[in-house]
Number of protein chains: 2
Amino acid sequence: MAVRLHIQIDTLSGLPVYRQIMDQIKYYIASGSLVTGDQLPSIRELAQALTVNPTTVVKAYTELVHEAVIELRHGKGAFVASGYNPLSVEQQDKAVRRIARQLAVETAQMGMSPERALRIVEEELGAISSERAEAKAPVKLKVVASGSRS
Amino acid sequence: MAVRLHIQIDTLSGLPVYRQIMDQIKYYIASGSLVTGDQLPSIRELAQALTVNPTTVVKAYTELVHEAVIELRHGKGAFVASGYNPLSVEQQDKAVRRIARQLAVETAQMGMSPERALRIVEEELGAISSERAEAKAPVKLKVVASGSRS
DNA sequence: CGAACTGTATGTGTGTTACCGTACAGACGT
DNA sequence: ACGTCTGTACGGTAACACACATACAGTTCG
């Protein structure tokens with residue numbers, strides 16, 4: 001059966017809806033709440049729960065397919081893909097460094113101390129890897145999907 | 001006289017040109033290469049150096065004005081603004097946490113260890129604050145602006 | 001088969017991005 | 001006063017991103 005996800009759409013953030021869907025699905029996978037082979041909500045099901053158009057969910061899902069995060073099987077559904085993309089160490093470094101620099105600039109801009117910024121990153125990093133460790137055992141996954149539209 | 005910046009436009013990144021300009025000017029300010037009162041290149045000057053349309057630079061500059069990062073003075077030029085935005089601690093935390101989470105998800109996705117990710121963040125964070133410390137003394141700023149167009 | 005689920009494909013409207021050209025208005029040195 | 005630097009403000013065009021609506025095609029089960 002299809003897993004029920006707790007996805008929230010923030011219409012005020014300015015971020016595209018399809019990208020918010022992508023990010024939150026990635027988050028579930030990264031934290032271990034979703035693992036290889038798990039079935040995602042169907043396109044229409046998720047679209048209805050979020051009160052967005054099915055094609056918007058299609059956009060999110062197909063993008064995730066291109067990133068080899070999930071698989072789409074015609075007539076069957078969407079599933080978490082098996083492997084990791086074999087990115088080279090250099091590419092990994094570059095990708096992470098890009099985000100890290102953005103974070104560094106923003107913190108400096110608002111006058112936040114580097115120590116505090118680092119502590120926040122440490123928290124988020126730790127949150128994911130700890131959830132990952134105990135995932136799939138007690139946690140059954142959250143309730144229904146819910147959105148907030150104006 | 002107007003400072004000469006070393007700004008690079010990557011047409012393959014997919015990021016809007018005006019945003020790349022914004023980000024890199026923010027970086028110079030965050031790192032201390034540009035401080036309050038410094039004059040930026042004029043709109044036409046920067047546009048010509050980057051081989052982009054002046055209106056694109058206008059877009060970048062006016063956005064930076066809205067964020068209170070720079071000031072535009074009619075007939076005189078563009079200058080680094082004085083104050084920081086007085087964002088609340090909660091808002092700061094939320095903004096930084098958003099980026100931190102994205103970083104955590106991406107690293108988990110590609111299988112990078114949290115320790116390594118943290119080390120990279122530490123580097124970028126340190127790079128900015130150290131440049132900030134010794135800035136404006138020896139460093140005179142880079143040479144001419146340069147772009148890369150297809 | 002046929003109903004009810006699944007993903008897939010094709011248009012359509014709106015907004016953003018970037019471009020080009022032209023014109024206006026403030027600041028400053030000669 | 002004049003020329004030349006500065007930012008500001010129009011109009012219009014082309015390409016693309018985003019979300020929507022509708023129709024098509026594969027899978028499964030009674």
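None of these values were measured; they are calculated from a predicted model. Below, chain A is the first sequence line, B the second, and so on; all start at residue 1.
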Query raised in the report: Just by protein heavy atoms under 4.0 Å, how would nucleotides 1-16 of chain D read 5' to 3' in B, S and -?
Result: -----BBB--------

Report summary line: note: A/Glu71, atom CD; C/dT6, atom P; distance rounded to Å ~ 18 Å

Query - Length of the CE-C1' vector between B/Met22 and C/dA18, whole Å - result: 16 Å

Query raised in the report: For B/Ala117, what residues pass the side chain to side chain contact (heavy atoms under 4.5 Å, CB included) criterion, not counting sequence neighbours?
Result: A/Leu125, B/Leu103, B/Thr107, B/Met112

Report summary line: Closest to the 5' end of DNA chain C, once B/Lys59 and B/Asn53 are matched to their nearest nucleotides, is B/Lys59

Query raised in the report: Atom CD1 of A/Ile9 and atom C1' of D/dC18: how far apart are they, to the nearest Å?
Result: 13 Å

Query - ILVMFWY cluster membership beyond A/Leu12 - transitive side-chain contacts under 4.5 angstrom - result: none

Requested in this report: Decide whether A/Val80 and A/Val65 are clustered together by the hydrophobic rule: side chain heavy atoms of Ile, Leu, Val, Met, Phe, Trp, Tyr closer than 4.5 Å, transitively.
Outcome: yes

Report summary line: Quick note, salt bridge (Lys or Arg N to Asp or Glu O under 4.0 Å) partners involving residues 25-34 of chain A, not counting sequence neighbours, are A/Lys26-A/Glu67

Query raised in the report: Any side-chain heavy-atom pair from A/Ile99 and B/Val121 closer than 4.5 angstrom?
Result: no

Report summary line: Note, DNA chain C 5' to 3' with Watson-Crick or G-U pairs under 3.5 Å encoded as ( ), [ ], | and . gives ||||||||||||||||||||||||||||||

Query raised in the report: Roughly, in whole Å, what's the span from NE2 in A/His66 to C1' in C/dG7?
Result: 14 Å

Query - Length of the line joining A/Leu50:CG and D/dA19:P, which is rounded to integer Å - result: 12 Å

Report summary line: The complete set of salt bridge (Lys or Arg N to Asp or Glu O under 4.0 Å) pairs with one or both residues in residues 104-114 of chain B, sequence neighbours excluded, reads none

Query raised in the report: Would you say B/Thr51 and B/Ile9 make side-chain contact, with heavy atoms under 4.5 Å?
Result: no

Query raised in the report: Are A/Ile128 and B/Val105 side-chain neighbours, meaning at least one heavy-atom pair lies under 4.5 Å?
Result: yes

